[in-house]
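Numbering of ligands and ligand atoms starts at 1, following listing order.
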Amino acid sequence: MSLDRPYQVALIGGGLAGLSLSISLAQKGYRVLVLEKEQYPFHRVCGEYISMESHPYLERLGLRLEGLPRIRKLLVSAPDGYRLIHPLEPGGFGISRFTLDALLAERARAAGVDLLTGVKVTGTHFRGEVFELQTTVGTMEARVAIGCFGKRSNLDVQMRRPFVQRGSRKLDNFLAVKYHIRTDLPVDQIALHNFRDGYCGVSAVENGLYCLCYLTTAANLEKGGGSIKSLEENVLYQNPHLKELFTQADFVWERPETIAQVSFAPKSAVEQHLLMTGDAAGLISPLCGNGMSMAFRSGLLAEEALVPFLENRYERQEMENRYHRAWSVQFSTRLRTGRLIQSMFGKPWTTKLLLKVLAPFPILTREIIRKTHGNAF
Ligand SMILES: Cc1cc2nc3c(=O)[nH]c(=O)nc-3n(C[C@H](O)[C@H](O)[C@H](O)COP(=O)(O)OP(=O)(O)OC[C@H]3O[C@@H](n4cnc5c(N)ncnc54)[C@H](O)[C@@H]3O)c2cc1C
């Protein structure tokens with residue numbers, strides 16, 4: 001396939017990081033290409049709770065977010081049902097990925113981005129001053145290429161990134177399952193229900209629906225009976241709140257969305273001259289509820305590093321160094337805290353102990369939330 005213009009920036013992956021960054025760059029007049037292997041709209045596994053830190057940015061990109069559920073309370077339950085409710089400041093809002101990604105794709109096209117869907121990138125080669133991208137429809141070129149391809153992609157394998165070579169370790173082998181349900185839970189509350197070796201988030205999205213999404217170890221699936229249904233009945237139902245939800249809610253889809261091999265292992269923010277954004281640079285534990293805001297913010301950091309390079313104000317190496325530094329300053333502590341929290345939740349006694357310790361000290365809960373979130377941008 002031949003495209004009639006040379007691109008300054010090519011974004012591999014049209015999820016949150018790729019689409020938001022493409023809009024922002026196109027709004028500044030840059031020639032931008034996004035390559036996305038799927039077709040919008042489509043469902044993805046995600047808890048669909050967005051922390052308020054990225055609300056102003058999304059509005060600047062031209063998204064209208066009125067009328068969506070605003071979430072201001074957090075309920076956490078231990079595997080035996082013991083629970084804690086805490087105000088969530090500044091909280092977040094709920095929107096399905098089906099709607100959000102399609103809205104961003106529409107905005108990207110309106111801003112002048114060349115957004116090619118159903119096109120998979122199969123290889124990247126840096127040839128001195130230009131990137132050559134092999135895709136399922138031919139080769140494309142751009143001066144800068146950004147990796148926005150999410151938590152695990154064919155490109156991670158192709159690039160032999162260390163986290164895919166580690167084998168199945170503790171941080172590397174999680175399974176996630178998502179449903180949309182109808183239920184009568186409070187619209188302004190996100191619930192995190194723990195069960196043995198996993199947790200399940202439930203919060204409102206648009207059109208009166210709720211997203212129910214859980215994460216557990218691949219080993220738990222085996223221990224729970226080998227199928228999703230038996231895992232739910234044998235393990236998740238041990239938490240009385242989950243049993244009630246699963247047996248009383250109306251499940252909208254026949255089958256859930258699922259993903260496997262989810263990894264929280266550290267990654268690098270720059271690899272083989274690609275600036276990595278969003279989950280391609282590092283995935284925070286979904287317990288922290290702000291991977292989406294981190295995806296948007298990492299796109300902004302990439303933009304701040306690459307615009308002076310596109311304007312020939314510094315060399316490529318300087319762009320890469322600046323992005324790497326900015327990314328580490330912004331996210332390293334959050335990711336470490338996320339890994340620590342993740343390691344405590346889901347184990348019956350540590351979860352309950354933690355909740356019992358936190359209950360009389362709301363300031364501690366506030367501090368944990370603060371440590372895993374950033375300021376509004
Ligand atoms: C179980 C679970 C629950 C979560 N819940 C929440 C939550 O409630 N709140 C929150 O803020 N975050 C949550 N997250 C995290 C959040 O989903 C991610 O951080 C966010 O989606 C990252 O966006 P991204 O743009 O990096 O990747 P994605 O949105 O995954 O986009 C990557 C895109 O790249 C495309 N792609 C991949 N490879 C190629 C290729 N070779 N060629 C072309 N296209 C390609 C994919 O099709 C995809 O569209 C959750 C994560 C998990 C695992």
Protein contact of [atom] - nearest heavy atom, named by residue and atom, plus distance:
| atom | result |
| --- | --- |
| atom 18 (C) of ligand 1 | D279 OD2, 3.1 Å |
| atom 3 (C) of ligand 1 | G47 N, 3.4 Å |
| atom 42 (N) of ligand 1 | V121 N, 2.9 Å |
| atom 2 (C) of ligand 1 | P286 CG, 3.6 Å |
| atom 23 (O) of ligand 1 | A295 CB, 3.6 Å |
| atom 15 (C) of ligand 1 | G291 CA, 4.0 Å |

Winner among K37, E36, E53 once heavy atoms are compared against atom 39 (C) of ligand 1: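 The option holding the nearest heavy atom is K37.
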Nearest candidate to atom 27 (O) of ligand 1, where distance is taken over non-hydrogen atoms, out of G150, G15, G147, G14: G150
Per-atom contacts of ligand 1 with R44, taking only distances under 4.0 Å to non-hydrogen atoms: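 Close to R44: 28 (P), 29 (O), 30 (O), 31 (O), 48 (C), 49 (O).
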- request: Keeping to residues at least two apart or across chains, list the salt bridge (charged side-chain N to carboxylate O under 4.0 Å, His left out) pairs with something in residues 101-110.
  value: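 Non-adjacent pairs meeting salt bridge (charged side-chain N to carboxylate O under 4.0 Å, His left out): R44-D101, R97-D101.
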Polar atom proximity, [X] to ligand 1 (N or O, under 3.5 Å):
| X | answer |
| --- | --- |
| S153 | yes |
| D101 | no |
| S293 | no |

message: Yes or no: does K178 have any heavy atom under 4.0 Å from an atom of ligand 1?
response: no
- prompt: Taking 4.0 angstrom as the limit, do R316 and E129 come out as a salt bridge?
  reply: yes
Is the centre of the [X] ring less than 6.0 Å from the centre of the [Y] ring?
| X | Y | result |
| --- | --- | --- |
| F174 | F264 | yes |
| F93 | H55 | yes |
| F251 | F246 | yes |

- prompt: Got a sec, which residues hit salt bridge (charged side-chain N to carboxylate O under 4.0 Å, His left out) with E315, two or more places apart in sequence or on another chain?
  reply: none
- request: Indicate whether the side chain of Y49 and that of N290 have a donor and an acceptor atom separated by less than 3.5 Å.
  value: no
query: Do the numbers put R143 on top of the ring of F309, so that NZ or CZ is under 6.0 Å from the six-membered ring centre and no more than 45° off the axis?
result: yes
